[in-house]
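Just below is one structure, and these are the notes that go with it.
Quick note on labels: first sequence line is chain A, next is B, and so on, each numbered from 1. What you see is a predicted model; the values in this text were computed from it and never measured.
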Amino acid sequence: MADDDRSGRGEAEIWRNYLRRYRFTNNIKQAALAEDLGVTQAMVSRWESGAVTPATGMQARIRALAETSAGMASPLVGWRNHVSFQPGMAAVVTADGVIETASAGLIRELELSRGKVEGKSLDALFSGDLLGLHNILNAKGFFDGALESVESADMYCFASTYKNRDIGPVHGLHWPHVAEDGRVRWMLTGARISPTEFESLRRELGGQAELTGQG
Amino acid sequence: MSESLPTLDVQAIHWPSVIRHYRLSKGLKQAALAHDLGVTQTMVSRWESAAALPSARIQARLFDLYWVSQASVSRDVWLDRIGRHPAVVGVINPAGRIVRASRGFCRALDCDRHGLEGRYVHEAFEGDWLDLYDDLGSSGLFEGRVSSAESIDTVTFHAPDGTGRTRHVHGLHRPSFLPGPEIVWLLSGAEVSERVRDDVRMRLGGNRVIRKAI
């Protein structure tokens, strides 16, 4: 089949997509799939890069595995997972300002790896408005459940470690969520806006943030 | 608000999936769920094997349990929050009607709320979301058979003024359980560049990945 170079690449591409769809559909890591197939994770990674086509015998094993798992239950997506998959900007932040979970969209906007964002303190990553917003939330009892939601217009800016580089204006919506440990987390969501929208949002909110309270 | 929409009975909720999915995702035994609902374990077993249909009261309670497991606020607060959400967020009913569109959704398409709400996906858009709606529907999202989906789509929006705008949207999808009982499609997404669209398509190995509930 793979005698001419073009059809060979086509086949590798088909297997690459097949494997990735199987893993993503069933939430399986490369290492776990490698173990199920009795190969190294490096091999799975090579298949998925499209560089190598699985051998014929292995193709049959992969098909068998994918077919048995079709129709198996996948768990309800928990709130934290839902945040981490979000295409928009979103994060779960503690009262102390630690970013516990960051969304795919936030990581994309920051152009940093997940490891450089999650587990980090807001002030290690950011300067300016976002830190100000954290202070406002703390001062107004957000983490004690005193607020229902907060809408904001923030100028995102990196901390000095990142040379205070501007990220840009962001429209934010924030609400408290009681986490597994019974403590309130800050659910941060946002989307980039233009400088003009930023100005009009600031006027609309009467400042950086508008608080909606329960009492 | 949620004015009572014409309920098309074409996609009845598949109660065995809904009940099993809820129970397994919470790690409950049939007996424990039976206890929570004040019924016998035999009854739960009959629901799950489609030998019996839960009563309207139980159906409503199950949807409330689902709701609590996904959100920490009431459905009204949630709907209000979606309206103010800065990102692309939409609530779409089984008939494909957009019942709620976020501020970010309107912003991304350069229209106001009425440019989206009350309209049907098939009439307001052209492109990948039509296939996505069909795929989610045939996978049973509105019947309670889908747990989540991720997609990368290129869509053209037909604004009410007759102009069109094309966007690449990276989307995350899941069912939401509303009174009725009705299962709606919760779409959340972000507009992305062509480069990001290509990256996501590579990662997903195609345009979309749908995770079945059961």
Side-chain angles (χ1 to χ4, degrees), chain A residues 13-27 48-50 70-79 81-90 103-106 108-109 148-149 151-153 170-173 175-179 184-185 187 189-194 197 201 212, chain B residues 17 20-27 66 69-73 77-78 80-82 84-89 102-105 107-108 146-152 169-175 186-193 196 199-206 208-214:
Chain A
E13 178 75 12
I14 289 165
W15 280 99
R16 161 189 192 283
N17 291 344
Y18 188 82
L19 284 160
R20 293 184 77 79
R21 292 171 68 86
Y22 166 68
R23 281 207 306 114
F24 286 120
T25 305
N26 296 285
N27 267 334
E48 290 195 3
S49 69
M72 263 177 39
S74 75
L76 240 187
V77 181
W79 66 280
N81 257 328
H82 194 67
V83 171
S84 73
F85 284 121
Q86 284 296 332
M89 298 169 80
S103 71
L106 180 62
R108 189 153 60 205
E109 292 289 351
E148 198 174 82
S149 67
E151 197 169 343
S152 66
V170 173
H171 173 202
L173 183 67
W175 62 89
H177 183 93
V178 179
V184 170
R185 294 297 192 281
M187 300 286 284
T189 65
R192 295 183 86 123
I193 49 176
S194 70
E197 286 168 318
L201 192 59
T212 308
Chain B
S17 290
R20 271 175 63 81
H21 188 209
Y22 174 75
R23 186 170 67 76
L24 297 174
S25 69
K26 301 294 278 185
Y66 244 119
S69 76
Q70 287 188 335
S72 54
V73 291
V77 171
W78 177 78
D80 170 66
R81 212 174 256 171
I82 287 177
R84 292 155 57 211
H85 207 291
V88 172
V89 185
S102 70
R103 186 166 176 177
F105 202 169
R107 187 157 48 210
V146 167
S147 97
S148 73
E150 188 175 349
S151 70
I152 185 76
V169 182
H170 177 199
L172 184 67
H173 318 279
R174 71 170 193 192
L186 173 63
L187 175 161
S188 47
E191 190 190 340
V192 296
S193 65
V196 170
D199 286 352
V200 175
R201 191 173 286 164
M202 277 293 268
R203 181 170 63 76
L204 295 178
R208 65 192 71 108
V209 163
I210 298 177
R211 298 183 181 90
K212 293 275 203 161
I214 291 291

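In this structure, chain A has heavy atoms under 4.5 Å from both the backbone and the side chain of B:Arg81. Interface residue B:Val200: only side-chain heavy atoms are found under 4.5 Å from chain A. Contact of A:Arg21 with chain B is made through backbone and side chain together, with heavy-atom distances under 4.5 Å. With a 4.5 angstrom heavy-atom cutoff, B:Arg103 touches chain A only via side-chain atoms. Heavy atoms of B:Val196 lying under 4.5 Å from chain A belong exclusively to its side chain. In this structure, chain A has a heavy atom under 4.5 Å from the side chain of B:Val192, while its backbone stays farther away.
For B:His173, the ring pair (Phe, Tyr, Trp, His ring centres under 6.0 Å) partners are B:Trp185, not counting sequence neighbours. Under the salt bridge (Lys or Arg N to Asp or Glu O under 4.0 Å) criterion, A:Arg20 pairs with A:Glu48, sequence neighbours left out.
Judged by distance alone, the side chains of B:Arg84 and A:Ser149 do bring a donor and an acceptor atom under 3.5 Å apart. If you check the side chains of A:Glu151 and A:His171, you find a donor sitting under 3.5 Å from an acceptor.
Chosen from A:Arg192, A:Arg23, A:Glu197, the residue pairing most often with chain B at heavy-atom distances under 4.5 Å is A:Glu197. Counting heavy-atom pairs under 4.5 Å between each of A:Val178, A:Val170, A:Ile193, A:Thr189 and chain B puts A:Thr189 at the top.
Salt bridge status for B:Arg107 with B:Glu191: absent, with no side-chain N to carboxylate O gap under 4.0 Å.
A:Tyr22 does not carry B:Arg211 over the face of its six-membered ring by the limits of under 6.0 Å from the centre and within 45° of the normal.
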